[in-house]
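Structure record follows, encoded as structure tokens.
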Amino acid sequence: MVNLTIDGKKITVKKNATIYEAAQEAGIHIPVLCYAKKLLPYGACRVCLVEVEQMKGRLIPSCTTPVTEGMVVTTTSDEIQKVRKTVLEFLLVNHVVDCPVCDKGGECDLQDLTYEFEVVKNRFEGVKFDLPKDEVNPLIERNMNRCVLCGKCVRVCDEIVAYGSYSFINRGFETKIATAFDRGLNCEFCGQCVSMCPVGAILPRPFKFKARPWQLKEVDSVCGYCGNGCTVTLGVKDNKVETIRFNDKTGVNDGNLCIRGRFGYSYVNSEERLQKPLLRKDGALVEVSWNEALEAVVAGFNGAKNAGGVGILSGARLTNEEFHLLKKLAGTLGSTNLDHSGGECYKGLTEGLQETLGLTASTGTFPQVEECDVILSIRSDFYETHPVFGMVINQAVKRNEAQLIVVADKKGKFGTLPHAATLLAKPGLEVNILNAMAAVLIEEGLAVTEGVENLDALKASLAEYAVDKVAAESGVAAEALRKAARQLAAAKKSAILLAYGLPYSANSKELGIAAANLSILSGNAGREGSGLYLCGEKANSQGAIDLQVLPGQGGLGAQAMLAAAGEGKLGALYVIGEDPLTSYPDRAKVEAALAKAKFVVVQDLFLSPTAEQADVVLPAVSFAEKDGTFTNAERRIQRVRPGVTRPGEARSDAEIFTALGALFGSTLSYTGPAAIFADLAQAVPGYAGIDFTAIGAQGVVWGGEQLAPTRKKVVPVAGGKPVTSAFQLVTGSALYHSGTMSTRAKGPLAVIPEPYLELGREDAAALKVAEGDLLKLKGNGVELQLKAKIGNRLPKGVVFAPYHFASAGINRLYRGEAAVSVEVSK
């Protein structure tokens, strides 16, 4: 620690703090434009100049100068104020004056500073910039006439996002920030530059002319998309979510968001939202009262009791409190047929982890990953599935020189980072790769084996996964496998990352076990600062696992329920917050289930393809209209708060479960989410003792920052066999979308509006395919037509199609395999 004095106030701060940070900690205001706490010190704007007694004779930038013992700092004086005012005058020499129409008005740092320093006229003259505005893309407007060259957009895009869209070009007074070749912005549109820009140079187009900042009600909540659990601040006006605001003071994401978190909110305001219950009459769904709809549900579920019972399929975007009520309702209905999104994937993964480590959740927290020296990412570099967690990985690599090892069937964004290596394998062979790495650890005496159960059985099984053999079948170089294993063994702090969800159902249990084996053998399991991270696809995937929204004793899981319904052995299907016709593997199986089930109820926000097949449709509310909690992938329980009121007669899932429970004679009545949470905390291990009302801005991590495994048992696990056809289809998540909900949001749709088939340049050249050409995709007896998207990340013979779009029908062809043998032609 370092002791210093600022404006006569004695303070003690960390030795790596800057003067600016020390002043902030002491509550002393120093004006800044180019500083941001998550970016490296830069010192561009010079507005933060201060005087240091030991450096008399010149003013120094406080945001880049580290504190030293005994330092005496003055942050304000006549001279300092005079210099700051002059700096502002220089900034305004070329700056246009268009404040009346600028959306940044009222929250512009430059506007605030000119007011604070009374810059009412300018002693310096210059020609005002007249640069053309960039309105090429639908989400981000760039007006560089307003730019003050603070460089925040350049730095955040490089340091945090790892995209590098921006750079400084030209020299002197002509200096400006531009994209490559000064073209229009064409990036991944995460909007990090929007959140960082202190003036109105970079603005969110969807928000343009919607409201002034002081007209917005701000509500902190949690993003409704992936399991990262980012804090979002809803900007609400006239009961509409008009924008997602930048907030780096709360939550796990340090103000960082991806495109779907920042620009994917508009579905909440959609006029297509269901507002009244629907009941099928004479073959058509018609609006009815809640009483009539619920009576129909009661009759249908009662009728199902002697016809195989009720099967309940839930999405993973309900709150913990709603999951708790759903479990109770299932008990009231006498059904143990209960599961949530992903079915066998979630079940398999959790069973695998339970068998090896005795737990079903991540063992560490996200900030720990930034301090790791080796990161092993399985299936992808994580940027596509969990973009904001991907930003943490980027910072670990760039700032702390972490070694990044990616096991995947396609190249990713982070593969080109320093110290990063992609073990590019044929699809479906991830388990083989992990087994080979485990074999290296044992063969070379690098494995941590003390207290490890079942080691001999694992050793025997790994004979099938000798490095050279796995290298030959997977396409990954043997030396790369050995090097990866040695890096993991040598790490003082390591992170092993595994994503799971609907499009990743193949080999899920095997992958969970193989990753856990590697965690145990490399010493990762239970070591301080290291962790195995299980990252669910949906906002509350971990909550669903924690609350055991899984088949009960003798009950059916998701896939078994669909099979039973398809055979006419299930009396009713109750689908909540999910669209299996679009998102589940094997659409034919879902179609058969919906057709043969005697009674189908769908509870959702929209009339989805699945809802269109239902007997009763119950209108539910979105995350922006709910009160409760989500649990993210690092076990952090966070508050979800309502920002807007529900449309029409839509009800929360909790209200619907309560109403149904009452009609079946069960009391599920609570005074609110706090009371439900108090009840569930008595039943869920890890949640005990947590007070709903005490969950603060950073949430509560159940089990603590480090969750210790209760056992270390390595388990033999079989790998996959490579698909040998000329083309293999893999599906999964596209960066811009999440499940099917984002296909109702204007922002993600503005960038990726329709399904596509992605293929590498080599294959495109061989097939004489150009971008946008219509391609035929044949496999599993199904033929689809999709537009071609050509890129550099897919190896020869591998094609990719995202699973989000109902119109594509990818799940007609994809039935849960790791890779599908397909034919591709024009």
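Source: prediction; values computed, not measured. Hydrogens, waters and symmetry mates play no part in the numbers below; they use all other heavy atoms, side chains included.
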Across all chains, not counting sequence neighbours, the ring pair (Phe, Tyr, Trp, His ring centres under 6.0 Å) partners of F382 are H386, F389
Across all chains, not counting sequence neighbours, the side chain to side chain donor-acceptor pair (under 3.5 Å) partners of R379 are none
The salt bridge (charged side-chain N to carboxylate O under 4.0 Å, His left out) partners of R711 (sequence neighbours excluded) come to E453
Across all chains, not counting sequence neighbours, the salt bridge (charged side-chain N to carboxylate O under 4.0 Å, His left out) partners of R639 are D627
Sorted by chain and residue number, the side-chain contact (heavy atoms from CB on, under 4.5 Å) partners of E528 (sequence neighbours excluded) come out as Q706
Are a donor atom and an acceptor atom from the side chains of D220 and T231 found within less than 3.5 Å of each other?
no
(request) Would you check if there is a donor-acceptor pair between the side chains of S541 and Y500 at a distance under 3.5 Å? (result) no
Taken in chain and number order and not counting sequence neighbours, the residues that satisfy side-chain contact (heavy atoms from CB on, under 4.5 Å) with A539 are R317, F630
Salt bridge (charged side-chain N to carboxylate O under 4.0 Å, His left out) filter on E295, not counting sequence neighbours, yields none
Sorted by chain and number, sequence neighbours left out, ring pair (Phe, Tyr, Trp, His ring centres under 6.0 Å) with H804 holds for H737
Hits for side-chain contact (heavy atoms from CB on, under 4.5 Å) against A506, two or more places apart or cross-chain, chain-then-number order -> A818
Only pairs under 3.5 Å count here: list side-chain donor-acceptor contacts from residues 664-671, not counting sequence neighbours, and write none if there are none.
unit_1 : atom_1 : unit_2 : atom_2 : d
S666   : OG     : T332   : OG1    : 3.3
Y670   : OH     : D679   : OD2    : 2.6

Quick note, side-chain hydrogen bond (donor to acceptor under 3.5 Å, both in side chains) partners involving residues 349-359, not counting sequence neighbours, are K347-E351
Review point. How about E321 and T629: does a side-chain donor come under 3.5 Å of a side-chain acceptor?
Key: yes
Across all chains, not counting sequence neighbours, the salt bridge (charged side-chain N to carboxylate O under 4.0 Å, His left out) partners of D604 are none
Side chains of T610 and D579 only: does a donor on one sit below 3.5 Å from an acceptor on the other?
yes
